[in-house]
2 protein chains.
Amino acid sequence: MKPKGKATSFDIAHFAGVSQSTVSRALRNSPLVNEETRRRVWEVAKQLNYKVDKNASNLRTQQSSTLALLLFEDPTGDESQINPFFLNMLGSITRACAKQGYDLLVSFQSSSQDWRADYEDSHRADGIILLGYGDYMDYQSRLQQLLAQDTKFVCWGATVDGREDLTVSCDNYGGGKLAAEHLLQQNRSQYVFIGDASDHSPEFFARFKGFRDTLTAQGHSLSERQIANAISTEESGYHATRSLLANNIQFDALFAASDLIAIGALKALKEAGKDVPGDVAVVGFDNIAAASFISPALTTVQQNTTLAGQMLVNNLLNLIKGEAVTDTLLPPKLIVRRSA
Amino acid sequence: MKPKGKATSFDIAHFAGVSQSTVSRALRNSPLVNEETRRRVWEVAKQLNYKVDKNASNLRTQQSSTLALLLFEDPTGDESQINPFFLNMLGSITRACAKQGYDLLVSFQSSSQDWRADYEDSHRADGIILLGYGDYMDYQSRLQQLLAQDTKFVCWGATVDGREDLTVSCDNYGGGKLAAEHLLQQNRSQYVFIGDASDHSPEFFARFKGFRDTLTAQGHSLSERQIANAISTEESGYHATRSLLANNIQFDALFAASDLIAIGALKALKEAGKDVPGDVAVVGFDNIAAASFISPALTTVQQNTTLAGQMLVNNLLNLIKGEAVTDTLLPPKLIVRRSA
DNA sequence: CTGAAAGCGCTTACAG
DNA sequence: CTGAAAGCGCTTACAG
């Protein structure tokens with residue numbers, strides 16, 4: 001018994017001696033079908049290595065059991081360098097999807113070029129997860145459009161006032177606070193921040209604010225000159241730190257908006273002959289794998305990617321089901337290692 | 001003009017004043033349709049934000065324009081730690097797919113538990129890419145089954161004799177040779193290899209053979225005692241190196257089958273008070289991001305992931321089209337840094 | 001160049 | 001508990 005090509009439910013029906021409707025019901029374990037019939041159908045299906053045609057069933061049921069992940073890359077461009085933090089997120093999102101019986105379509109967006117948010121329109125996915133740093137201002141309008149089209153989606157990152165989208169994010173403000181408190185405990189006196197302290201990167205901005213507010217509450221100020229701009233790459237962190245040094249800014253405590261930035265800073269400090277943590281204490285953010293490899297091992301604020309991935313897919317699924325969902329804030333955690 | 005729910009080709013037809021067949025043709029830019037008609041149809045489609053329903057068109061054409069990626073994880077289990085090398089591959093595969101107009105379904109396989117190779121059976125994907133280390137012996141039989149079912153798939157990794165599947169891999173033997181030659185040039189005299197030198201990990205084995213053959217050709221032997229087993233994790237590399245040290249094996253040159261292993265080795269050597277590269281020269285394999293961050297920066301054999309991703313999807317696509325395809329071997333490249 | 005019609009393989013009311 | 005039938009939204013021979 002071998003039909004040519006892939007077996008269909010009609011083939012199963014034929015060999016099991018029942019109607020095609022019954023095959024469909026049996027395979028979906030409908031309580032309507034007789035136990036014995038069900039067994040026979042499954043038996044035949046297995047022998048023919050039958051699998052339900054997802055295109056047909058999706059078309060019929062008007063849903064896809066698939067989620068799409070749009071990953072925004074840093075605008076750096078280097079093809080093969082993806083921020084390890086997002087790669088981790090990707091791993092946990094995939095797993096969370098699998099656990100819920102959903103498949104995951106993945107797409108990388110190189111900046112604003114090729115906006116691929118039509119997965120839902122074309123019925124390929126029931127909803128979309130947006131992930132990435134990048135300049136929020138840039139794709140703000142795209143989000144508005146998704147909202148207008150009633151596309152189901154959830155964003156990783158910062159909640160932005162006046163935006164109606166659903167977000168899951170780390171408590172970045174609280175994370176900045178954790179970093180400041182740790183540094184304060186060591187009686188450091190001159191602080192610097194490296195990252196983007198503007199609303200182009202709401203996440204970095206929140207980390208900055210938590211850091212600054214905590215410092216000022218303890219009587220430490222943070223002037224313009226003690227803030228160096230950097231995007232989330234090692235290189236950018238390296239250059240920002242060098243310019244701080246070149247400008248003769250004095251500091252014994254450095255908070256980087258991401259681990260990649262911190263790693264670049266470590267390199268610049270080493271080159272300048274500064275001892276870490278002796279001369280300068282350094283704290284990063286993310287807890288990527290490299291943070292524990294580097295020397296000195298990096299003290300950093302960890303984001304729980306496993307939980308983040310789960311919340312992202314669970315919230316999206318609830319949104320799709322029409323249930324009430326609210327923004328989620330995940331607690332950060334300080335990981336103390338050698339650098340501070 | 002706003003149909004309730006998502007617009008279908010019938011809605012477009014209605015507003016454009018043509019038949020639904022013409023809409024379908026126009027949207028696919030069939031040369032059969034009049035230029036003016038085509039324009040009008042596109043115009044209406046755009047206004048209604050119409051997107052072809054992929055489930056319907058896939059069902060009709062019997063193909064999905066989707067590829068599936070199965071990522072095998074190392075058997076270590078820690079949820080959030082995925083080998084950065086594969087994550088890079090994932091990035092380049094995604095991009096290669098996008099370039100060809102294909103979507104990518106991603107799935108992680110935690111060891112042999114949940115074998116998810118039915119993407120093609122269920123018409124979700126036209127073909128499958130298999131990626132990962134892991135024990136080849138374990139899923140050998142699965143591959144046979146895929147072959148038997150005539151599933152279209154391509155594997156990353158080593159060609160194994162007697163297997164008929166299509167593979168794309170790095171020239172691991174050549175890479176091992178590169179490592180040996182570099183170490184030989186520095187007149188090192190006592191060599192060790194850390195990794196799995198058995199056919200459970202064909203890739204590691206090939207690296208090992210290239211390394212050993214080159215050494216023996218120059219009169220250096222590599223005895224059993226100079227080979228330490230390790231899977232591809234930092235921890236495993238750390239412990240393997242410690243046991244070498246504990247067993248009083250003398251060596252001034254170490255070749256690790258992967259960067260993760262090498263990073264673990266570096267840690268163990270540092271703890272033992274050995275200077276790298278002074279006392280021991282270390283060479284890794286992969287060139288993951290951490291290799292350049294770590295101190296001393298790691299000399300390693302790079303695999304071209306961008307090219308690898310492209311070859312993987314191109315070969316698979318050709319296989320699907322029924323064209324002749326052969327196994328592909330990618331050239332490795334030695335990246336010299338501080339550690340050797 | 002265009003339209004009417006068949007059919008891809010399912011799921012699910014509807015009738016028994 | 002089971003079957004006959006409609007229909008999801010397309011693509012593409014077939015006829016004009």
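In what follows, every chain begins at residue 1, and chains take the letters A, B, ... in the order their sequences are listed.
- Taking atom CG of residue A/N29 and atom P of nucleotide C/dT11, one finds them 12 Å apart after rounding to whole Å.
- A heavy-atom distance below 4.5 Å is found between the side chains of B/V18 and B/R40.
- Between the P atom of C/dT12 and the CG atom of A/L27 lies a distance of 13 Å, rounded to the nearest Å.
- Here B/T61 does not reach the OP1 or OP2 of D/dT11: none of its side-chain N or O atoms lies under 4.0 Å away.
- Of the candidate nucleotides D/dT12, D/dT11, C/dC14, D/dT12 has the atom nearest to the side chain of B/R25.
- Across all strands, B/R28 comes closer than 4.0 Å only to sugar-phosphate atoms, never to a base (heavy-atom distances).
- For C/dA6, the OP1/OP2 oxygens have no side-chain nitrogen or oxygen of B/R60 closer than 4.0 Å.
- For A/N58 and C/dT12, the CG to P distance is 12 Å, given to the nearest whole Å.
- Here the side chains of B/W156 and B/Q303 are in contact, with some heavy-atom distance below 4.5 Å.
- Across every non-hydrogen atom of A/S19 and A/A13, the tightest pair is C-CB, 3.7 Å.
- A residue-by-residue look at B/R38 and A/F10 shows that B/R38 has its nearest nucleotide of DNA chain C further toward the 5' end.
- A close approach under 4.0 Å does not occur between any side-chain nitrogen or oxygen of B/S57 and OP1 or OP2 of D/dC10.
- With D/dC10, C/dC14, C/dC8 as the choices, the nucleotide that has an atom nearest any side-chain atom of B/L59 turns out to be C/dC8.
- Using a 4.5 Å cut-off on side-chain heavy atoms (C-beta onward), A/L319 and A/V154 make no contact.
- One interatomic measurement links the two molecules: CG of B/L32 to P of D/dA15, which rounds to 16 Å at whole-angstrom precision.
- The C1' atoms of D/dG16 and D/dT12 are separated by 16 Å, rounded to the nearest whole Å.
- DNA chain D forms stems at C:1-3 with D:14-16, C:5-12 with D:5-12, C:14-16 with D:1-3, each a run of 3 or more consecutive Watson-Crick or G-U wobble pairs whose two key distances fall under 3.5 Å.
- When distances run from any side-chain atom of B/S19 to the nucleotides C/dC8, C/dA4, C/dC10, the shortest one goes to C/dA4.
- A/L67 has its side chain out of reach of A/L105: every pair of non-hydrogen atoms, C-beta onward, lies at least 4.5 Å apart.
- Residue B/N55 contributes atom CG, which lies 13 Å from atom P of C/dC10 at whole-angstrom precision.
- Of the candidates D/dC1, C/dC14, C/dC1, the closest approach to any side-chain atom of B/N34 belongs to C/dC1.
- Residue A/E36 contributes atom CD, which lies 15 Å from atom C1' of D/dT2 at whole-angstrom precision.
- The side chain of B/V18 lies closest to C/dG3 when the candidates are C/dG9, D/dT2, C/dG3.
- The B/D53 side chain lies nearest to D/dG9 when the options are C/dC10, D/dT2, D/dG9.
- A/K46 is not listed as a side-chain neighbour of A/V44, based on a closest heavy-atom distance of 4.5 Å or more.
- For B/S21, no side-chain nitrogen or oxygen approaches OP1 or OP2 of C/dA4 to under 4.0 Å.
- For A/V33, the side-chain atoms get nearest to D/dT2 when compared with the rest of D/dT2, C/dT2, C/dC10.
- Across the protein-nucleic acid pair, B/K6 atom NZ and D/dC10 atom C1' stand 16 Å apart, rounded to whole Å.
- Distances shown here put a side-chain N or O of B/Q62 below 4.0 Å from the OP1 or OP2 atom of C/dG9.
- Residue B/S9 has a polar side-chain atom (N or O) positioned under 4.0 Å from OP1 or OP2 of D/dC10.
- If you check D/dA5, D/dC8, D/dT11 against the side chain of B/Q20, the one that comes closest is D/dT11.
- Counting only distance, with no hydrogens or angles, the side chain of A/T167 and the backbone of A/S169 share no donor-acceptor pair below 3.5 Å.
- Contact between the side-chain N/O atoms of A/T8 and the OP1/OP2 oxygens of C/dC8 is not found at any separation under 4.0 Å.
- Between A/F153 and A/L70 there is no side-chain heavy-atom pair separated by less than 4.5 Å.
- Rounded to an integer number of Å, the gap from A/I12 CD1 to C/dG9 P is 13 Å.
- Taking only side-chain nitrogens and oxygens, B/T22 never comes nearer than 4.0 Å to OP1 or OP2 of C/dC1.
- In this structure, B/N318 contributes its side chain and B/E323 its backbone to no donor-acceptor pair below 3.5 Å.
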